[in-house]
Amino acid sequence: MKKVSGRLALLAFVLVMSFIFFLPSYQPLYRQLPDWLKTVLPNKGITLGLDLQGGIHLVLEVEEDRAVEIAVDRSVVAIQDLLVEKKIPVESVKRTGFARLSFSFQNTELKEQIQKLLDDFPAFYEVESVGDAHTVVWELREGEIKRIKDSAINQALETIRNRIDQFGVAEPLIQRQGLNQIVVQLPGIKEPKRAKDLIKETALLEFKLLDEDSKLALDLPQRIPKGKEEEVLKQFAGKIPEGDEILFERVVDKDSGREYRIPYLVKKRVMLAGDVLSDARVSIGQFNDPYVSVTFDAKGAREFERITAENVKKRMAIVLDNTVYSAPVIQERISGGRAQITGAFTMQEANDLAIVLRAGALPAPLKIIQDLTVGPSLGQDSIDKGIKSTLLAGTMVVLFMMVYYRLSGVIADFALALNLICLIGALAALNATLTLPGIAGIILTIGMGVDSNVLIFERIREELRQGKPVRLAVDGGYDKALLTIIDSHVTTLITGFALFLFGTGPIKGFAVTLCLGIAINLFTALVGTKVIFDIINQRRKVEHLSI
């Protein structure tokens with residue numbers, strides 16, 4: 001009886017722990033518990049997957065080539081600053097093609113000085129000299145291109161994760177897929193468009209000077225209706241000076257609410273980039289208009305102070321993703337490392353802008369190649385059908401076992417109920433994500449939950465046919481079925497592990513419930529039902545077994 005008592009205590013402990021871990025998953029009951037008890041109990045239960053509670057599923061592709069182009073463009077700015085510092089006169093330094101730099105100069109004697117710059121830029125090598133050696137072409141090394149592309153994927157992954165964490169989505173799935181794709185799943189999201197915009201926004205913040213000396217700056221219209229940007233670009237396409245570009249500012253008329261665009265002639269050279277930001281937060285102006293206050297790190301503060309000191313009375317455009325947010329006149333040297341981004345913001349837009357600036361800019365634009373949105377009503381419908389399927393499958397199995405194995409079938413049904421309780425408790429304890437395929441795994445576990453008992457019962461029948469007493473027949477049935485049960489479960493477990501290791505998303509959800517169900521089934525079949533047979537045999541001498 002001592003052994004039976006120990007196993008009964010183990011079963012009771014497992015049942016109690018399963019109930020405790022499951023409690024947070026059943027919010028109507030969990031919310032009614034006293035606060036002191038909630039501090040002791042687990043605060044997380046089973047997490048519903050995207051297909052059950054609704055949300056969005058995105059597959060994003062990082063434009064790797066654009067990441068390389070951005071890296072080369074930054075090298076152009078660094079080289080231009082170095083040429084000015086060393087007083088080397090060149091006509092132009094520009095990116096040509098995908099990963100090449102082109103230097104143009106008049107004096108052939110400058111070639112040697114320019115080539116010495118390679119010592120400071122080991123990622124480039126000289127490709128050729130063109131036009132009587134008045135043009136030198138550098139190209140990015142293949143290894144550096146590969147490094148930039150791989151780094152762009154990892155940086156985009158981390159940036160998206162930071163943005164989503166600040167957005168406040170519970171249990172998001174963000175992982176790399178293939179060479180240049182990122183999978184994002186946001187269950188329970190209530191504003192899918194806002195979330196997609198927040199994820200996809202490159203958030204490349206740049207400070208650029210306006211070219212106010214060019215005649216074209218005076219010819220540009222004061223403002224244009226929204227949607228007419230392409231017409232303006234086509235109209236002035238052949239007149240834009242080299243090194244300049246036309247960018248637009250979004251303006252909302254407060255009286256009519258209509259949107260307009262203000263075109264600016266902006267110098268392409270980036271005076272300061274957003275990678276020197278240390279913080280960004282929303283503030284309220286004197287007219288209750290929200291704006292974003294940015295703080296630079298130590299290096300950025302020094303650069304910003306120097307740039308503003310050198311360009312007093314000039315206009316500087318604050319550009320985010322090729323859109324001008326404001327273009328104030330620099331009235332004096334600005335120290336302290338602070339600046340403001342103003343615009344026609346709503347409070348939500350200002351908050352989102354602060355989030356993406358704090359999280360950092362994406363290294364390259366993202367392209368959405370798959371976009372699936374699951375509504376909460378569809379998810380609830382899946383849950384309801386999953387519960388109905390589970391109840392139907394469970395009822396049919398219970399009735400079959402009761403009819404075919406009689407009293408022993410009832411004992412097997414007890415093991416089945418124990419199996420389901422322990423499985424739900426284990427899912428909650430692991431804070432696993434339950435998906436629709438996961439429900440399919442639970443239903444499959446119901447069928448497999450009685451497989452072990454069927455093997456055991458058939459062995460017991462064989463022992464009884466040989467004339468053995470009930471107690472010896474039961475012990476013999478369990479002993480002889482043990483290896484067969486373990487073999488069958490281990491092979492299925494191997495399959496489940498393979499699905500978990502190599503599968504993604506819903507496949508993993510199915511693998512988790514399958515593997516847990518199999519492991520718990522071993523426990524309930526070999527311990528749960530055996531302890532009941534032992535109690536029956538010890539309390540009275542059983543001459544006939546209903547099986």
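Heavy-atom basis, side chains included; hydrogens, waters and symmetry copies ignored.
Formation of a donor-acceptor pair under 3.5 Å by the Thr445 side chain with backbone atoms of Gly517 is not found in this model. In this structure, Thr323 contributes its side chain and Val319 its backbone to no donor-acceptor pair below 3.5 Å. Asp150 places no side-chain N or O within donor-acceptor distance of the main-chain N or O of Lys146, the cut-off being under 3.5 Å. The backbone N or O of Leu179 lies less than 3.5 Å from a partner atom in the side chain of Arg176, making a donor-acceptor pair. Proximity of a side-chain donor or acceptor of Arg141 to a complementary backbone N or O of Pro122 within less than 3.5 Å is detected. Formation of a donor-acceptor pair under 3.5 Å by the Arg338 side chain with backbone atoms of Thr295 is not found in this model. At distances below 3.5 Å, not a single donor-acceptor pair connects side-chain atoms of Glu231 with backbone N or O atoms of Glu229. Looking at Ser293, its side chain never comes within 3.5 Å of a backbone N or O of Ser283 through a donor-acceptor pair. For Ser326 (side chain) and Pro328 (main-chain N/O), no donor-acceptor pair under 3.5 Å exists by modelled atom type. Using a distance-only test at 3.5 Å, with no hydrogens or angles considered, no donor-acceptor pair links the side chain of Asn311 to the main chain of Lys314.
In this structure, Phe98 CZ and Asp65 CG are separated by 4.0 Å, a value rounded to the nearest 0.5 Å. The structure places CD1 of Ile79 at 14.5 Å from NZ of Lys94, a figure rounded to the nearest 0.5 Å. One finds the CG atom of Leu514 at 7.5 Å from the CG atom of Leu493 (value rounded to the nearest 0.5 Å). A distance of 8.5 Å separates CD1 of Ile439 from OG of Ser389, quoted to the nearest 0.5 Å. To the nearest 0.5 Å, atom CD of residue Gln185 and atom CD of residue Gln175 are 7.5 Å apart. Atom CZ in Phe296 sits 9.0 Å away from atom OG in Ser278 (nearest 0.5 Å).
The aromatic ring centres of Phe500 and Phe510 sit 6.0 Å or more apart.
Remark: Glu310 engages Arg306 in a salt bridge, criterion side-chain N to carboxylate O under 4.0 Å. One finds a salt bridge joining Arg261 and Glu259 here, because a Lys/Arg side-chain nitrogen approaches an Asp/Glu carboxylate oxygen to under 4.0 Å. At a threshold of 4.0 Å, the pair Asp244-Lys268 does not count as salt-bridged, since none of the basic side-chain nitrogens sits closer than that to a carboxylate oxygen.
When each of Val62, Val59, Ile199, Leu58 is tested with Ile182 by the rule side chain to side chain contact (heavy atoms under 4.5 Å, CB included), just one qualifies, namely Val62.
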(message) What verdict does the side-chain contact (heavy atoms from CB on, under 4.5 Å) test give for Tyr291 and Ile284, after you've listed the backbone C-alpha separation in whole Å, the side-chain angles of each residue and the deciding distance to 0.1 Å?
(response) CA-CA 6 Å; Tyr291 67 90; Ile284 302 298; 5.8 Å; no

(request) Start with the C-alpha gap between His57 and Val183, add the side-chain angles, then the distance that decides, and say whether side-chain contact (heavy atoms from CB on, under 4.5 Å) holds. (result) CA-CA 7 Å; His57 171 93; Val183 175; 3.7 Å; yes

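A side-chain donor from one of Glu249 and Tyr264 sits under 3.5 Å from a side-chain acceptor of the other. In the model, Arg333 has no side-chain atom that pairs as donor or acceptor with a side-chain atom of Thr308 under 3.5 Å.
Atom CG of Leu372 has more than 12 neighbouring heavy atoms from other residues, nucleotides or ligands inside a 6.0 Å radius.
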